Amino acid sequence: MLKENKTEDKSCLFYVSDYHFEMIALPYMKEKIENNNQVIVMTQENLEDSMKHLLNKVNLDSDDKKKIEKINWKEKSVEEISEIDTLNNKVVFVKGTEKYIKNVNQKINEVSNVQNLQIIDCYDVNNVDESIIDITKDYNSILSTSGLKNL
């Protein structure tokens, strides 16, 4: 989780539940998809059902909902990052334990020719409560319900 990785931008997000994570991430994902970026969610938990539930409740047009539903919301192992051919013009949300986040970031940094990649590491506040300030020191910006803010 160092700033001097191959990625263009390194951001973090703090959430209190899966639903909260999705509520924070959804508007940003929609914006990135509209700008022709591919959105990838690397997660230790299957978020498929909670995202479908959320999409049924939010006010988005059906095309936007379909694009967001196409994102793979299922749990993924660290090794699955290697299945991504290139990581150009992509936004990768990495949601899990600190160890999982670290391992996924290491794997991403092993991929060659990484360009125009944004990683958003997503931390459960309940697991990192006392170290939030220290964690944010490793990032350029933080994603919250009000959008991406520089640190």
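Note that the structure is predicted; figures quoted are calculated from it, not measured.
With sequence neighbours excluded, the residues forming a side chain to side chain contact (heavy atoms under 4.5 Å, CB included) with Leu151 are Thr136, Tyr139, Ile142, listed by chain and number. Take Glu34 and apply the side chain to side chain contact (heavy atoms under 4.5 Å, CB included) test, not counting sequence neighbours, and it matches Lys30, Asp64. Scanning for salt bridge (Lys or Arg N to Asp or Glu O under 4.0 Å) contacts around Asp134 gives Lys137, with sequence neighbours left out. The side chain to side chain contact (heavy atoms under 4.5 Å, CB included) test applied to Ser62 returns no partner, not counting sequence neighbours. Lys99 meets the side chain to side chain contact (heavy atoms under 4.5 Å, CB included) test with Thr97, Asn103; sequence neighbours excluded.
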Carefully, step by step, assess Asp121 and Lys10 under the rule salt bridge (charged side-chain N to carboxylate O under 4.0 Å, His left out).
-> CA-CA 8 Å; Asp121 292 335; Lys10 188 84 166 139; 2.7 Å; yes
Please lay out, stage by stage, how Val39 and Lys90 fare under the test side-chain contact (heavy atoms from CB on, under 4.5 Å).
-> CA-CA 6 Å; Val39 174; Lys90 292 187 173 56; over 6 Å; no
Trace of the side-chain contact (heavy atoms from CB on, under 4.5 Å) decision for Ile68 with Leu26 | CA-CA 8 Å; Ile68 291 167; Leu26 186 62; 3.3 Å; yes
Under the side-chain contact (heavy atoms from CB on, under 4.5 Å) rule, what do Ile120 and Val91 come out as? Steps first, then yes or no, please.
-> CA-CA 7 Å; Ile120 302 174; Val91 178; 4.1 Å; yes
Step by step, work out the side-chain contact (heavy atoms from CB on, under 4.5 Å) result for Met29 and Val41.
-> CA-CA 10 Å; Met29 289 177 174; Val41 177; 3.7 Å; yes
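Using a 4.5 Å cut-off on side-chain heavy atoms (C-beta onward), Val128 and Glu98 make contact. At a threshold of 4.5 Å between non-hydrogen side-chain atoms, the residues Ile135 and Phe14 count as touching. Looking only at side-chain heavy atoms (C-beta outward), Val92 and Leu117 come within less than 4.5 Å of each other. Within the 4.5 Å cutoff, no side-chain heavy atoms of Leu13 are placed close to those of Tyr28. When side chains are defined from C-beta on, Asp18 counts as touching Glu45, because their heavy atoms get closer than 4.5 Å. Side-chain contact between Met42 and Phe93: absent, with no pair of heavy atoms (C-beta onward) separated by less than 4.5 Å. Considering only heavy atoms from C-beta on, Val16 stays 4.5 Å or farther from Asp124 through its side chain. Between Gln44 and Glu75 there is no side-chain heavy-atom pair separated by less than 4.5 Å.
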Can I get a per-line list of side-chain donor-acceptor pairs under 3.5 Å for residues 51-58, giving both atom names and the distance, sequence neighbours left out?
residue	atom	partner	partner atom	Å
Asn56	ND2	Lys52	O	3.3

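Tyr15 and Ile133 fall into different hydrophobic clusters, where Ile, Leu, Val, Met, Phe, Trp and Tyr are joined by side-chain heavy atoms under 4.5 Å apart, directly or via other members.
Separation of atoms NZ (Lys70) and NZ (Lys65) is listed at 15.5 Å; rounding is to 0.5 Å. Atom-to-atom distance recorded for Ile24:CD1 and Tyr19:OH is 12.0 Å, nearest 0.5 angstrom. Here the CD1-CG distance, from Ile119 to Asn109, works out to 6.0 Å after rounding to the nearest 0.5 Å. The OG1 atom of Thr145 lies 9.0 Å from the CE atom of Met23; values are rounded to the nearest 0.5 Å. To the nearest 0.5 Å, atoms CD (Gln118) and OG (Ser141) are separated by 6.5 Å.
Judged by distance alone, the side chain of Trp73 and the main-chain N or O of Thr43 form no donor-acceptor pair under 3.5 Å.
If you check the side chains of Asn37 and Asn35, you find no donor sitting under 3.5 Å from an acceptor. No side-chain donor from either of Asn140 and Asn150 sits under 3.5 Å from a side-chain acceptor of the other.
The nearest pair of heavy atoms linking Leu148 to Ser11 is CD1-OG, 3.7 Å.
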